[in-house]
Each structure stands twice: as C-alpha cells, then as structure tokens.
Student: 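I am attaching a structure below and will ask some questions about it afterwards.
The chains referred to below are lettered A, B, ... by the order of the sequence lines, with proteins before strands, and numbering in each begins at 1. Quick caveat, the model's predicted, so the values are computed rather than measured.
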There are 2 protein chains.
Amino acid sequence: MMYSATSHTRPPDPLINVCIIEDDEIIRKGYVSLLQADPDFFISGDYPSVEASLKHLEAACPDILLLDIQLPGMKGVDALPLIKKTLPQVRIIMLTVHENPEFIFTALKNGASGYLTKNTNFSKIKDHIKEVVNGGGAMSAGIALQVMQHFQKNLNTPLTKRETEILERVADGKSRSKIAAELFIDLETVKSHIKNIYHKLDVNSRDEAIKVAREGRYI
Amino acid sequence: MMYSATSHTRPPDPLINVCIIEDDEIIRKGYVSLLQADPDFFISGDYPSVEASLKHLEAACPDILLLDIQLPGMKGVDALPLIKKTLPQVRIIMLTVHENPEFIFTALKNGASGYLTKNTNFSKIKDHIKEVVNGGGAMSAGIALQVMQHFQKNLNTPLTKRETEILERVADGKSRSKIAAELFIDLETVKSHIKNIYHKLDVNSRDEAIKVAREGRYI
DNA sequence: AAGGCATCCCCCGTTTAGAGGGATTTTGAC
DNA sequence: GTCAAAATCCCTCTAAACGGGGGATGCCTT
C-alpha cells in the first residue's frame, strides 16, 4: 500500500509464504509475529535449526526462506545447497549479525538471493523480501559495500597498463605464446613484460604474481 | 566558496552535498528540486555532461555525485576514474535506465559506490544516498540480482568435488606439483585428475579448461 | 557385482618457464 | 624539444612443466 513500484508481478496470490530458520527464539518469534502482522505475508514455519526444518520444509514449500548464518549444527551457508536441491524454487535470504566477507561470498556462491544484516530495520526487511519475490536481489548497505569493494580495482597499481593487461591473461592460465598472439606482439615482448612484472611485485613465478596482484587488487 | 565547510568533517554539518550529472534536463532538474526540498541535502551543482562539470566539480567538492551512465560525450563509466583522481573523497552513485551487466561491472571496478536504476522510487534514492554517505553501498534490486548471479556457482557441474578443487587451483595459475603439495597428494594423482577434467570438458589445455569451466560456472 | 571416485605408477616428446644479458622505438609529461 | 618511461623486440641457457598414452589399486555406494 505504500510503494506500488515494488509490487507489479504477482497478481494471483498476494500471500508471500515465508519460513524462518533462526536459533535465537526471541529473534525468531519476533520475525514471526512482525511478519504475521502484515497481511502480505504468511509464515508457514519457523525452526531453530536446519536439522529441525528438513522434515517440514518440503510440505511448507515457502517462497522465501530467512536463514540465519550462525546456527548450531549445520551452518546456514552449508545448508544452502542442500535446501536448494530439495526445494529449487525457494529463494533464500541470509540473515547475519556479522559482515564476515568469507560467509558473504560463500553464501552468494551457493545461491543465496539476499544477504541482510539483522540490524536492518524491519520495514526494510519486508521491502527486501518483496523485491526478492519479484525476482530481484537484496543486500544491506554494508554487504553491498563489501561486494563492491570485491570488484574495485586499485587505481594505484605499480603496473603499467600493458603489464596489467598481460598479468590478467596470465591469471587466466594463458601461456606466454597465447598472450603474444592475443595482443599481436612478439613472444619476446611478453617475456620482457612478465619479467618486469615479477620484479615489480617481487615474485618469481606465475602463481605468486597472481596472488600478490589479486591481494593488491592490481588485477 | 560558501559551503567549503562540507568538504572534510561530516558530523558537524548534517547537509549532504550532492552534484548531479545527467543529460536529460527534465530528469536532472527533477532530481535537483526533489533533493532541494529535503533539508538533509544541498545541491552544489548540476550538469548535462562530464565535460561541463569538470571545471566546477573541484570547487563544489560534493560528498555524493549522481552520475548518469548514458551521456553524450564522455560516458559515465569512463568518467569514474577521472573524477576519482581529482576528487578522491567523492562517492559516486551511478544512475541508469538499463541493467547492462557490462556497464554494471565496469562501474563497480572503477570504484562506484552505488548503482541505481532510474525507476527506483525517490524516497529510496534518498535512503540509498544516506547509506552511501554513512560508508555503505547502494544497489537496486535488479542490480543486486545480477551481482549475485555473477557469484553463483552451477550446482550441476560435470566435475567431481576433487576435480573442481583441482581446477580452481589450476585457474589460479598453480602448477601441478604445487597443487599436489597443497592437497597432500601425489603429482601423478593431480595429472590423472587434470586428464579427466580435460576429457569431461572436451579441451586439451589449461586455459581452455578454465574458460569452459568459468562459462559453465563450474568454478 | 558394478561403477564412480580418488589415489598412484610408468612411458614419451614438446613446450614453457624463468633468469641472464641486451637493443630499439614510441609515447607522454614537463 | 628533451628526457624518462613505456613498449617493443632479440639471444642463450637449463630445468621444469605440460599433454597424451598406457595402466593399477583400493574404497565407497548402489
């Protein structure tokens, strides 16, 4: 009723079927009652652990699963592929207190549709859920920042444009002769560039160069 | 000259200094008047092109720059590194009508702090700007989805767990002997695995395997 | 019992990698 | 216009890595 822009592609059944897996009962029941207070949502189940949910999830068949990262027993990130296998249509939104980059990227790799910090205010959580139902993705600002920084290149690279170009190809597993062919330059030129790259990065092998360059975001 | 107080310390002055580069005058003036109507924002400049903005941007010294992707003359994505060089503290939010993946990732690489589609409703744009000012990132749901899909692995990989593990290391430029050492297995075992990987992916070199595996999101 | 998986063992010839020493020509900034 | 940096190319050398071929062995799961 507030934002018509977020609700165009879901005419038949307005109810959004949500399940929640969260070990802290206070928080879990908080989500349940707050979502139940909204006529757009229907809570088909809430569980304190992945193990406890498995038997019931298939019957509940939720559109959205709110999944805590930090769980006793099976962790939320590990549960992701498992749940997606039995319920391929379910869209999973991870909930977390931490913004641990490792968890974030593991969750994204395993097919999470959203990643929200628990301090996100509640009306925004509802907005995010609706966006995910409509085929979008959901990310808290802090998560979005980390994801963006993951892409961000270092503009103060010690490498020249050409060197960067070559190292990127080295990092794609390409041989020196293949790189030479791609860039229309001589094999010897590629060798020279790689030599200079190694000196600048103070390494003496491909994988070390890749590692250093990735850590410094030169590539 | 008058609002130079906004340049360094954020807390004392609650005003968020915003500049806008957008060629469509209707849209641009729309943003200006809507943001000016909010006491949290101060518009220090609005320009129809990057070229037109360059002389004034340094004096305006905005906290936030709203930057259109599709511009006459220099494109928004190409302007990013240029602007960040002269104004390193400015946080740039890209505005776009399209959700072209190429633009998205180029913008992120070049250091955008946000990426919003123009159909984002206006109160949300303001929220997003505030989140960016507070050190977060901003992404529309459609953009977030694409970013997430970029990470997503294919769960139907033809490769076994071990093969995937090995190919990931191959894709990091590591030699067979290094991989063997890392996984505490024999060099011959690694060779066998790589042979099997090549057969499964129907390739016969490292870089082809990496390419095919990346395209299929097996790694 | 069968099949996939992971592990290990040889053979072979070819290519590449890395390190050392150079030279030349564009290019860009001042 | 000058000067340095960047990009291009050249040569030799050894050791290592690569790709392809043929196998074998246990270990699970079905």
Student: Output yes when A:R91 and A:D63 qualify as a salt bridge under the 4.0 Å nitrogen-oxygen rule, no when they do not.
Tutor: no
Student: Assign a letter to each nucleotide of nucleotides 6-12 of chain C from its 5' end: B, base within under 4.0 Å of a protein heavy atom; S, sugar-phosphate only; -, no contact.
Tutor: SBBBBB-
Student: Return the CG to CD1 distance between A:N134 and A:I129, rounded to the nearest 0.5 Å.
Tutor: 12.0 Å
Student: Atom CD1 of A:I210 and atom C1' of C:dG18: how far apart are they, to the nearest Å?
Tutor: 15 Å
Student: Would you call B:K211-B:E208 a salt bridge at under 4.0 Å N-O?
Tutor: no
Student: Using 30° and 60° as the class limits, which term best fits the ring planes of A:H56 and A:Y47: parallel, tilted or perpendicular?
Tutor: parallel
Student: C:dT16 P sits how many Å from A:D207 CG, rounded?
Tutor: 19 Å
Student: When the aromatic ring centroids of A:Y115 and A:H128 are compared, is their separation below 6.0 Å?
Tutor: no
Student: Closer than 4.0 Å, any side-chain N/O of A:Y198 to the OP1 or OP2 of C:dA19?
Tutor: no
Student: In whole angstrom, what separates B:H199's NE2 from C:dC5's P?
Tutor: 15 Å
Student: In whole Å, I'd like the distance from the CG atom of B:L201 to the P atom of D:dG20.
Tutor: 13 Å
Student: Looking at residues 173-181 of chain B, who's got a heavy atom less than 4.0 Å off DNA chain D?
Tutor: B:S175, B:R176, B:S177
Student: Output every pair passing salt bridge (charged side-chain N to carboxylate O under 4.0 Å, His left out) with a member in residues 65-74 of chain A, not counting sequence neighbours, ordered by first then second residue.
Tutor: A:D68-A:K118
Student: To the nearest 0.5 angstrom, please state how far the CD1 atom of B:I27 sits from the CD atom of B:E22.
Tutor: 4.5 Å
Student: Starting at CG of B:N204 and ending at P of D:dG20, how long is that distance when rounded to a whole Å?
Tutor: 5 Å
Student: Verify the ring-centre separation between A:H98 and A:F103: is it less than 6.0 angstrom?
Tutor: no
